[in-house]
*Asks:* 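To start, I am sharing the structure in question, which I have written as structure tokens.
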Amino acid sequence: MSGWDHRHVIDLSAFSTDDFTTVLELAQRFRNLPVTGTRKLPALQGRLMTTLFFEASTRTRSSFELAARRLSADVQSFAPGSSSLVKGESLLDTARTYVAMGANLLVVRHGCAGVPQILAEALDRSGDRVAVLNAGDGLHSHPSQGLLDLFTLARHFSPDAPSPEALRGRRVVIVGDVLHSRVARSNLWALTACGAEVVLCGPPTLLPDQFADFVAAPPPGQAVDPVPHRGPVRLVRSLEEALPGADAVMTLRLQKERMHQHLLTTLESYHRCYGLTHDRLALCGRPVPVLHPGPVNRGVELAGALLDDPACSLVEEQVRNCIPVRMALLYLLAAADG
Ligand code: ASP
């Protein structure tokens, strides 16, 4: 746990290479624990984790809850539709209500970028000892997803000792709706910190040119970049150009709920140009793993046959890794709080 000094986890732009190493090492230890027939680890006994999700979730919320339970924490979930939000209670007052009930860890998902950060700052100002974990805020950031994607890739390249080094010099293609993807943004910070080369691929409407400079130092809100030398980012418009020489391909969901203009002609034409199939993947020139954060639009971002092919799809492995990575984050935040 050398040097871990985060009281909240909001964005991976604040992570140093040591922070990534710490999370991956701890996640590997948790991942190696037998899942069935074991007693829970006592690390978070007496702590309360509350999930405040203002947006839909399948994987993130349930894996945070399972991770907390495996560490013996109590778990409480907030359901916006049946809460006093509908009577006009503010978001901050809602969060404070859960803190007053004893929440030590608040896992927050919201459709607006910046909400977890605002909550963390307000709770810090009022002296509340509670850690805020961003579980996805608008287009901005999804740090635990970036970490579990990194862990999945690091384990693929170095199964016994996953570390940032396992990614150094690897070429990772991220294809699709980068513009609306908080997952892509978190992966950009994580992968470049580990020295990977990131190739972004998509049409101009979903991947504006400015993304080539996304990780230009220093990160927003910070005086210096905690990572002195990041891997390069390149932007290309076709998979035919992106795939040759790739070491891994990360596909992204088309975030239709965040598209307020007509940015696509048809899903069929998107699939024809940017959908990943076995044939397209062969352009990499060697067997290469495929990732997707889920939920998948089958036959749009990824052909169903590729998604279901265990020889190349790491999608289920990403889901398995949700739990040990989120255990690692909860453990580190609880330990930082004493
Ligand atoms: N589940 C991820 C997120 O919440 C990816 C997605 O929804 O496309 O950002």
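Just follow the structure's listing: the first ligand is 1, and inside any ligand the first atom is 1.
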*Asks:* Closer than 4.0 Å to some heavy atom of V183 - which atoms of ligand 1 meet that?
*Replies:* 2 (C), 5 (C), 9 (O)
*Asks:* Does atom CZ of R320 have more than 12 heavy-atom neighbours from other groups under 6.0 Å away?
*Replies:* yes
*Asks:* Would you check, one step at a time, whether the test salt bridge (charged side-chain N to carboxylate O under 4.0 Å, His left out) holds for R170 with E197?
*Replies:* CA-CA 6 Å; R170 306 271 183 190; E197 175 193 350; over 6 Å; no
*Asks:* Roughly how far, to the nearest 0.5 Å, is CG of L106 from CG of L123?
*Replies:* 6.5 Å
*Asks:* Does E316 have more than 12 heavy atoms from other residues, nucleotides or ligands lying within 6.0 Å of its CD?
*Replies:* no
*Asks:* For atom 7 (O) of ligand 1, what's the nearest protein heavy atom and its distance?
*Replies:* R253 NH2, 3.0 Å
*Asks:* Can you pull out the closest protein heavy atom to atom 9 (O) of ligand 1? Residue, atom name and distance to 0.1 Å, please.
*Replies:* R182 NE, 2.9 Å
*Asks:* Considering only heavy atoms of Q255, which atoms of ligand 1 have at least one such atom less than 4.0 Å away?
*Replies:* 6 (C), 7 (O), 8 (O)
*Asks:* Tell me whether Q145 reaches ligand 1 (any heavy atom closer than 4.0 angstrom to a ligand atom).
*Replies:* no
*Asks:* Given G176, A56, G294, which one has a non-hydrogen atom that is nearest to atom 2 (C) of ligand 1?
*Replies:* G294
*Asks:* Classify the angle between the aromatic ring planes of F15 and H6 as parallel (below 30°), tilted (30 to 60°) or perpendicular (above 60°).
*Replies:* parallel
*Asks:* State whether the shortest distance between N or O atoms of R109 and N or O atoms of ligand 1 falls below 3.5 angstrom.
*Replies:* yes
*Asks:* Between H110 and E55, does a side-chain hydrogen bond (donor to acceptor under 3.5 Å, both in side chains) hold up when you go through it step by step?
*Replies:* CA-CA 6 Å; H110 200 282; E55 262 195 353; over 6 Å; no
*Asks:* Under a heavy-atom criterion of less than 4.0 Å, does S181 contact ligand 1?
*Replies:* no
